[in-house]
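Because the structure is a prediction, the values reported are computed rather than measured. Hydrogens, waters and symmetry mates are skipped; everything else that's a heavy atom, side chains included, is used. Labels below follow one simple rule: chain letters A, B, ... track the order of the sequence lines, proteins then strands, and each chain is numbered from 1.
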Amino acid sequence: MVEIDFREIEKKWQSLWEKERIFQPEPSEKPKFFITIPYPYLNGNLHAGHTRTFTIGDAVARFKRMRGYNVLFPMGFHVTGTPIIGLAELIQRRDPKTVEVYSKFHDVPEDVLLTLDTPEKIVEYFSKEALEAMRGIGYSIDWRRVFTTTDETYQKFIEWQFYRLKKLGYVVKGSHPVRYCPHDRNPVEDHDLLHGENATVIDYTVIKFYYEEEGEKIILPCATLRPETVFGVTNIWLKPTKYVLARVNGEKWLVSREAYEKLTYTDKEVEEIGEINAEELFGRFAVNPVTQTKIPILPAEFVDTDNATGIVMSVPAHAPYDYVAIEDLKKSELAEKYGLKEILEKIQPIVLISAGESGIPAKNIVEEMDIKDQNDPALERATKLLYKKEFHKGVLLDVTGEYSGMQVSQIKDRLQRDLIEKGIGDIFYEFSERPVVCRCGTKCVVKLVKDQWFLNYSNPEWKGKVLEHLERMQIIPDYYKEEFRNKIEWLKDKACARRKGLGTRIPWDKEWLIESLSDSTIYMAYYILAKYINEGKLKAEHMTESFLSYVLLGEGEPETSLDRETVERIRRDFLYWYPVDLRSSGKDLVANHLLFFLFHHIAIFNQEFWPRAIAVNGYVSLEGEKMSKSKGPLLTMKRAVKENGADVTRLYILYAAEYDSDADWRRKDVESLATHLKRFYELVRENYESKDWENLSMLDRWLVSRFQKVVKETNEAMESLQTRRAVNSAFFEMMADVRWYLRRGGKNLSLIIDDWLKLLSPFIPHVCEELWHLRHESFVSLEKYPEYDESRVDEEAEAAEEYLKDLISDIKEILKFVDAKKVYVSLAEPWKLEVLNLAVKAGDFKSAMKEIMKDERFRKMGKEVSNFVKKALKDGFKLLDEERIIRENIEFISKETGVKLELSDEVPEEKRKLAMPGKPALYAV
RNA sequence: GCGGGGGUUGCCGAGUCAGGAAAAGGCGCAAGGCUUAAGACCUUGUCCCGUAGGGGUCCGAGGGUUCAAAUCCCUCCCCCCGCACCA
């Protein structure tokens, strides 16, 4: 095979597409299709993951364009947030790991890398690289609309958006808990942690038990994850150690030393005013603020002063720990020491939850598991088991008063709210697992960030609208709709302001920056403005609030220095292009960006401009290994294209996996795919001649018919974004048929080549363009995509060819066992047509089988008959002229099998009996 | 734990919704052809048994429904992803 320089072909067509501006759409009478892919974040080079998502998008864009749509496919660059700043700092410091990863995996030459010591230089470098990479792989992007999220004009757009959201009441103030390092005085992200990456922040309900000292309430803030058990509290546990007495928001609280430290990071005002040894309190009584009952304060070693407040309420009926601790205490000398004997005798567990068992649940499980004392490790398991059971199956009993009859699983939030409203409850944030340690070695705490700006995603009305619109949308693959539904319901308010990073300031509160996912929600509309901005017509000073409200929402009058004609043109562009018809993205964005994308569109735009469809695709691994931007391994888009060529890279990534399943990039497979593409190239070049539609042979009709089925399959697959299925059909399966056609002596391959090139051009546009131009002047990229033409389907030709294949394979099978020179062929006896006639009469498979199975003869070979009938019906059974097929192809069969063939009755009786229509008897001698 | 997805031949993966020849297609491997040779290319084979186109096994495990189950129903096991304020 001749060497083909794919890179040269690719560059040639890329520059011609560019020169002829064929991917720069303007509004027209044609129906539009607006497809967007999330813009990449530029803290590195585009990699195989981007390659997958973007190539899927490009294939769809090209497909839709050829299907007659006016397609807009734009791209921008995302640089807002902290990682680029972090990277600049690492480069300044010449951090060895960073230098290694960026030179080795991101392919940035080391000397160049070291100059990228400011965020601006990083953005400039990587945006140039990204642009080259995307051009080099042949994406049909309209580059007139490119932008960067730090552009002044973009910031105007974001400011407008946030004013809008604020006006709608969707930006609110609040506080929220973050993981925080007291030493660095900063919130800590996952990669800043030494330990505890898996720790989450959980909210304990604090219930303000109290006792009185000289007429003043001293609050014992009990922290619990099960506030409903407050109705079953029999006592309070303190560790026999020193506690801190503190003034907390005006109240006097007793908490552990650790808890006091933690409180100083919350939004509460705290001040230490003394120290109390818990021992002084043992035997004294406190009041349960919910039930008003008096309960004793008792010692327990199992109390962890580093967990929440360090004060625990005891519910022996439902908490195995509490039950066992009371039993232990009865036997311990501590009871004697603190004079608790009498008190302990009186303690009776109070059952308040029914999960369908009798007696005291904690006692039952402790006895069942034979737990001896509070040091028994099985206690942990017992607690989990009981908790789980009661959470899922438990119902609250009458002792819980107004909550009686509620399910345990439903109670927590409501009770927490009620308690806080009554002034007897609070929240204490704590890590789910400890310790959580910062890279600097300091133990992290939960810090409550005050007066933070939030996007109010929990707003039920907003949520409701999003959920409702979701039902109208197309989600690909469809099972992701359920995932979206769940995530929308789960979404809580999101802090949308930051102290640090690149981006836009909150226009009414300039000390805050808008968080980087919050500024990337409706920017698809900005692509429409970007064209005018890049032309130099639209400038930041033109972009007043009223201008943006006018062109994007059609509201009011535009007060702007921009000329009216341009304003109107922008408005018309928006009306034409919006809404987004398809947003195609990696699945990592489902639980964040794609949700925000929906929420913000629904908040800001009129319903007719809400997104129509979302598609989700999976990740890419390298030789089975997970990719990592910051650690490697990584394969850049540029390198993939440089080593394999654009079309091979595209074809591979589209074919490697379907939908959200993950694709694996395997060098060997990619290389072998290159040979397929070369074979295709040669095949077309050698056979691309004028075609003869006049005298079609049966074989030609077969080829044309098979191609129609491929066209149908490919179209269907692309409509649902199944690129793997599409490539498999359009490329691989068609190749197999073409090979058979040529082997059978077909001479008229050109019958399908024009359409075949069109069919493949969304996947491998450069090669297709090159081949297409052997006989045409136009761009294949702009041709009309082939459509299924049923009139060209020829079931008879297909059945005949199938018959031939079967016959050859049968003969070969026999020849494995018999060393013969000649094969006699004898056709089936006519009565066997009965089955077929019955089947054809019945029409569909089910009733056919019912009818046929009534006959004992056929029933005996039920399976065979069923298979036979199925096939006959599926292929639109034609009574084949078997004799003619054999006679016409007798030489081909001989050539394929290496034996002589003869139609003859010399086949022995017992073999002739076995013959079926479509399956003649054979006799080899 | 909650939610979503999945378990098919040496590997990747179709087939499951609408039960009816399991294994399309790709990779890998093997044989033959072509070639000075290698590569590429073409052909064939690749669950087991079989000196006549056949038979058997089989779709994570176990039950059930049916003339017929990878597919429908029940029970169980295992794997992946998300659970956030980070792009």
Side-chain angles (χ1 to χ4, degrees), chain A residues 1 38 40-43 78-84 176 178-179 187 189-191 200 384 387-388 391-392 449 452 454-455 477-480 482-487 489-498 515-518 520 587-593 595 618-619 629 655-664 666 668-669 672-673 675-676 678-679 682 724-725 727-729 731-733 735-736 739 742-743 806-807 809-820 823 845-846 849-850 853 859 862-871 874 896 911 914 919-924:
Chain A
M1 198 188 273
Y41 184 75
L42 292 183
N43 64 337
H78 191 206
V79 303
T80 349
T82 51
I84 286 176
H176 87 123
V178 293
R179 207 161 43 191
E189 290 163 20
D190 266 0
H191 58 264
T200 55
K384 273 195 178 142
Y387 182 91
K388 201 169 136 186
F391 183 82
H392 292 292
V449 179
Q452 166 92 291
F454 280 83
L455 284 162
D478 55 5
Y479 54 75
Y480 256 83
E482 182 64 18
E483 178 81 349
F484 270 101
R485 220 173 267 137
N486 294 334
K487 296 295 182 210
E489 268 161 26
W490 149 94
L491 192 66
K492 298 187 198 119
D493 287 359
K494 177 180 165 64
C496 61
R498 288 291 175 286
E515 182 274 332
S516 71
L517 291 181
S518 309
S520 306
K587 64 180 172 185
D588 47 332
L589 301 186
V590 169
N592 43 70
H593 164 73
L595 293 185
Y619 303 123
K629 258 181 166 178
Y655 179 68
E658 199 84 279
Y659 283 151
D660 73 320
S661 37
D662 298 340
D664 192 23
R666 277 186 283 190
K668 275 184 86 173
D669 289 9
S672 93
L673 190 57
T675 68
H676 279 269
K678 281 184 196 150
R679 198 188 311 167
E682 286 299 308
R724 181 188 167 90
R725 187 176 147 213
V727 167
N728 194 49
S729 161
F731 188 71
F732 291 105
E733 298 204 328
M735 278 290 263
R739 277 208 297 273
L742 294 176
R743 187 168 142 211
D806 287 348
L807 182 59
S809 138
D810 277 354
I811 294 171
K812 280 187 175 169
E813 178 78 14
I814 293 168
L815 292 176
K816 280 207 299 203
F817 303 102
V818 184
D819 188 19
V823 171
F845 183 79
K846 268 214 145 55
M849 284 307 287
K850 229 172 237 173
M853 284 303 158
R859 208 178 163 117
K863 195 99 184 166
E864 200 174 341
V865 172
S866 120
N867 295 338
F868 181 61
V869 172
K870 190 193 173 198
K871 190 177 151 193
K874 187 181 139 222
E896 289 287 310
K911 289 198 184 303
L914 292 170
K919 193 170 178 64
L922 302 175
Y923 183 58

Over 60° means perpendicular and under 30° means parallel, so classify the ring planes of A/His176 and A/Phe454, tilted if in between.
perpendicular
In whole Å, measure the gap between the [atom1] atoms of [N] and [M] for me.
{"N": "B/G45", "M": "B/C83", "atom1": "P", "answer": "49 Å"}
{"N": "B/G26", "M": "B/U44", "atom1": "P", "answer": "12 Å"}
{"N": "B/C58", "M": "B/A68", "atom1": "P", "answer": "16 Å"}
{"N": "B/G13", "M": "B/C27", "atom1": "C1'", "answer": "11 Å"}
{"N": "B/A69", "M": "B/U65", "atom1": "P", "answer": "11 Å"}
{"N": "B/A22", "M": "B/G55", "atom1": "P", "answer": "11 Å"}
{"N": "B/G64", "M": "B/U71", "atom1": "C1'", "answer": "15 Å"}
{"N": "B/U8", "M": "B/C12", "atom1": "P", "answer": "7 Å"}

Of all heavy-atom pairs between A/Thr80 and A/Ser516, which one has the smallest distance, and what is that distance?
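Nearest heavy atoms, A/Thr80 then A/Ser516: O-CB, 3.3 Å.
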Over all heavy atoms of both residues, which pair between A/Ala497 and A/Glu515 is shortest? Give the atoms and the distance, please.
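Nearest heavy atoms, A/Ala497 then A/Glu515: N-CB, 4.2 Å.
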Whichever of A/Asn728 and A/Glu896 has its nearest RNA chain B nucleotide further upstream toward 5':
A/Asn728
If you find the nucleotide of RNA chain B closest to A/Ala924 and the one closest to A/Tyr480, which residue's nucleotide is nearer the 5' end?
A/Tyr480
Residue matched to [N] through Watson-Crick or wobble contacts both under 3.5 angstrom:
{"N": "B/U71", "answer": "none"}
{"N": "B/C83", "answer": "B/G1"}
{"N": "B/C76", "answer": "B/G60"}
{"N": "B/A18", "answer": "none"}
{"N": "B/G28", "answer": "B/U46"}
{"N": "B/C41", "answer": "B/G33"}

Would you please confirm or rule out a distance under 4.0 Å between OP1 or OP2 of [N] and any side-chain N or O of [X]?
{"X": "A/Arg666", "N": "B/C12", "value": "no"}
{"X": "A/Thr675", "N": "B/A40", "value": "no"}
{"X": "A/His676", "N": "B/A40", "value": "no"}
{"X": "A/Arg743", "N": "B/U44", "value": "yes"}
{"X": "A/Arg679", "N": "B/C42", "value": "yes"}
{"X": "A/Thr82", "N": "B/C86", "value": "no"}

Within a strict 4.5 Å, meaning less than it, do heavy atoms of the A/Tyr655 and A/Phe731 side chains meet?
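Heavy-atom side-chain distance check fails, nothing below 4.5 Å.
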Got a second to check how far [X]'s [atom1] is from [Y]'s [atom2], nearest 0.5 Å?
{"X": "A/Glu896", "Y": "A/Lys812", "atom1": "CD", "atom2": "NZ", "result": "5.5 Å"}
{"X": "A/Asp810", "Y": "A/Asp806", "atom1": "CG", "atom2": "CG", "result": "6.5 Å"}
{"X": "A/Tyr659", "Y": "A/Arg725", "atom1": "OH", "atom2": "CZ", "result": "8.0 Å"}

Measure the distance from [atom1] on [X] to [atom2] on [N] and round it to the nearest whole Å.
{"X": "A/Met735", "N": "B/G26", "atom1": "CE", "atom2": "P", "result": "10 Å"}
{"X": "A/Phe484", "N": "B/G3", "atom1": "CZ", "atom2": "C1'", "result": "14 Å"}
{"X": "A/Lys587", "N": "B/G4", "atom1": "NZ", "atom2": "P", "result": "15 Å"}
{"X": "A/Arg725", "N": "B/A24", "atom1": "CZ", "atom2": "C1'", "result": "12 Å"}
{"X": "A/Glu733", "N": "B/G15", "atom1": "CD", "atom2": "C1'", "result": "13 Å"}
{"X": "A/Leu673", "N": "B/A40", "atom1": "CG", "atom2": "P", "result": "15 Å"}
{"X": "A/Glu489", "N": "B/G82", "atom1": "CD", "atom2": "P", "result": "21 Å"}
{"X": "A/Gln452", "N": "B/A84", "atom1": "CD", "atom2": "C1'", "result": "14 Å"}

Classify the nucleic acid contact of [X] as base, sugar-phosphate or nothing, counting any heavy atom under 4.0 Å across all strands shown.
{"X": "A/Asp669", "answer": "sugar-phosphate"}
{"X": "A/Leu491", "answer": "base"}
{"X": "A/His593", "answer": "nothing"}

Are the side chain of A/His78 and the backbone N or O of A/Pro38 linked by a donor-acceptor pair below 3.5 Å?
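Side chain of A/His78 to backbone of A/Pro38: no pair is present.
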Nucleotide nearest [X] when distance is taken to its side chain, options [options]:
{"X": "A/Tyr923", "options": "B/A52, B/G26, B/A14", "result": "B/A52"}
{"X": "A/Leu517", "options": "B/A87, B/C12, B/G53", "result": "B/A87"}
{"X": "A/Arg724", "options": "B/C12, B/A87, B/C27", "result": "B/C12"}
{"X": "A/Glu515", "options": "B/A87, B/G25, B/C27", "result": "B/A87"}

For the base of B/A87, is there a side-chain donor-acceptor partner from A/Asn592 under 3.5 Å away?
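When only heavy-atom distances are counted, A/Asn592 does reach the base of B/A87 through a donor-acceptor pair under 3.5 Å.
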